[in-house]
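To start, the structure under review is shown below, and the notes come after it.
Worth knowing before you read on, the calculation uses all heavy atoms, side chains too, and leaves out hydrogens, waters and symmetry mates. Just so you know, ligand 1 is whichever comes first in the structure, and atom 1 is the first atom listed for that ligand.
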Amino acid sequence: MRFTVAIDGPAAAGKGTIGRAVAQRFGLAYLDTGLLYRAVGALVAGGADPVGAARFLRAEDLQRPDLRSAEAGQAASRVAAMAAVRAALVDFQRAFARREGGAVLDGRDIGTVICPEAEVKLFVTASDAVRARRRWLELRTADPALTEAAVLADLRARDARDAERAAAPLRAAADAVLLDTTELTIDAAVDKAVRATEQRIGQGRG
Ligand code: C5P
C-alpha cells in the first residue's frame, strides 16, 4: 500500500530521527525538507537570488557540508519566510510525497500545505530546553565554542520566525497526532510514531 507520512514540528524536536526510522520500518522513501531551505539559504548567503536558487536547486546543493550549522538554520528560516521561495519548492516536495512506494517528509508545513491529504500526520514537539540540549550535543563536536544557551536562543528565534510568518507558518494540522518527545528516549519516540502510523493506516483501510 502506498502512503505518505507528514511530520511537522519545531526545530530539533526529533522529526528527522523519527522520520528516518518510520521510513525504514515501512520501506518508504524519506525527505528532510529543511535541507531544501538550508541549501537555498546557503546559496543566497553566497550572493544568489532567492527565487532562482530555489527554482534551480540541484542535488549537489543539498550535499554541501555546511548545511547543518546554526547559521545555515537561520539563513534557511529567513528564505523560508518568502512566499515565492516556498512556491518554487512545492512541486518537488509534492512529487516526492506521492512517489511510487510511498514517502515520509519532515518539515514545518507538510501536513498543512504540501500534503494535506497525507494518510498519516505527526506533529512532533519537545520542551525548549530538551530541544536545545539535543541540538547542542549534535553540533558541539563540529563547533566546540558553541554553548547550549546560544543553541537555545537560536532555536527560539527560528521557531518564532517560522510560526509568525504569513507564508505556510509552522502549525499542527487539525488531524495530526501530537507526539511530545520531551520525556521519551529515541526508541520510545520511534515506537510511538510507528504505532500511530499503523493505527492511521489501519483506519484508512477499514
Ligand atoms: O528542519 P530544519 O531545522 O532543517 O529547517 C530549517 C528551516 O527551514 C526552518 O527553521 C524553517 O524556517 C525552514 N523550513 C520550512 N518548511 C519546511 C522545512 C523547513 O519553512 N517544510
**Item:** Residue list, ring pair (Phe, Tyr, Trp, His ring centres under 6.0 Å) with F96, at least two apart or on another chain
**Value:** none
**Request:** Select all protein residues for which some heavy-atom-to-ligand 1 distance is less than 4.0 Å, and list them by chain and number.
**Result:** T33, G34, Y37, R38, A76, S77, A80, R86, G107, R108, D109, R158, D162, R165
**Prompt:** Same cluster or not: are L170 and V124 linked, directly or through other Ile, Leu, Val, Met, Phe, Trp or Tyr residues, by side-chain heavy atoms under 4.5 angstrom apart?
**Reply:** no
**Item:** Over 12 non-hydrogen atoms of neighbours within 6.0 angstrom of CD1 in I186
**Value:** no
**Item:** Cluster check F92, L105: I/L/V/M/F/W/Y, side chain < 4.5 angstrom
**Value:** yes
**Fill in**
Which of T181, D159, T125, T182 passes side-chain hydrogen bond (donor to acceptor under 3.5 Å, both in side chains) with R131? It is D159
**Message:** Count I, L, V, M, F, W, Y as connected when their side-chain heavy atoms are under 4.5 Å apart, and connections chain through other members. Are L139 and L137 then in the same cluster?
**Reply:** yes
